[in-house]
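A short write-up of the structure that comes next.
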Amino acid sequence: MIEIKTHIHYSAKILEKWLFPYVCIICNLRSDTNRDLCSFCKNELPWILNPCEQCGTQLTGVSLQKCGSCLKSPLPFDQTIALFHYENPIVSLITKLKFHNNLVYARVLGQLLLERIIKHYLEQRLPDCIIPIPLHSHRLKERGYNQSLELARPISKKLGVSIEYKSCQRVIATQPQTSLTAEQRKKNIHNAFQIATEFNTNHVAVIDDVITTSSTMTEFCNTLKKHNIAKIDVWCIAKTSH
Ligand SMILES: [Zn+2]
Ligand SMILES: [Zn+2]
């Protein structure tokens, strides 16, 4: 009798695994979708609604298109797609993406970004290439991979837009930006990037996992602009508010 019960139990487990092969990376239960994120957890994520079209920060007034900060001092990029407020569980997912060498996080977050990108570009031209924001070689060696490049891979594959990776480098290993004042951040990141090619396009997308202060993205985009890139779209998973 026990043997039959055990047999039924294992058969049910196998059937469940076959019907729902994915496990949600947030609740750890079998996912009801064909990926590693269940529909309940997806809905509960801290989505940015009504973003500033230039920097991606959530706007407070419904009729505005740009936030006060972008109106006052324009940024060197044209538009931003930022999915989430930088709060849990996104903070935890991005930490795992960066430090756990487990590419399931890049796959799930990259797929969510891809869905938004497809909707966003229904009526406008896609960029000609995707540039993952470069890591300094020391950081890359330590981590073993660039998380922004891993996010870019499924997007590039699905959209048929190439990734431009090797020609952009971070030549100065900067200290973490978050503990610095705005002025120190600018100084810290100044001339941190080098670009070893002339692009044969003038419209690119820069991809980053999270934008905590805009100073790194601003410096990188300013460097791109010196290489005749006229239009820059920014794609990121999460963004802190101003
Ligand atoms: Zn879940
Ligand atoms: Zn803005």
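Ligands are counted one by one from 1 in listed order, and the atoms in each one are counted from 1 as well. If you're wondering where the values come from, they're calculated on a predicted model, not measured in any experiment.
- Within a radius of less than 2.8 Å around the Zn ion (ligand 1), the protein N, O or S atoms are Cys24 SG, Cys27 SG, Cys38 SG, Cys41 SG.
- Residues Ile131 and Ile81 do not share a hydrophobic cluster, clusters being chains of Ile/Leu/Val/Met/Phe/Trp/Tyr side chains in contact below 4.5 Å.
- With respect to Asp233, the side-chain hydrogen bond (donor to acceptor under 3.5 Å, both in side chains) criterion is satisfied by exactly one of Gln124, His203, His120: His203.
- When atom types are taken as modelled, the side chain of Trp47 and the backbone of Lys42 share a donor-acceptor pair closer than 3.5 angstrom.
- With respect to Arg143 and Glu150, no salt bridge is recorded, no charged nitrogen being found less than 4.0 Å from a carboxylate O.
- Cys70 SG to Leu75 CG: the interatomic distance, rounded to the nearest 0.5 Å, is 4.5 Å.
- Expressed to the nearest 10°, the angle at the Zn ion (ligand 2) joining SG in Cys55 with SG in Cys70 is 110°.
- Tested against Lys239, the residues Thr212, Thr57, Asp208 include a single side-chain hydrogen bond (donor to acceptor under 3.5 Å, both in side chains) partner, Thr57.
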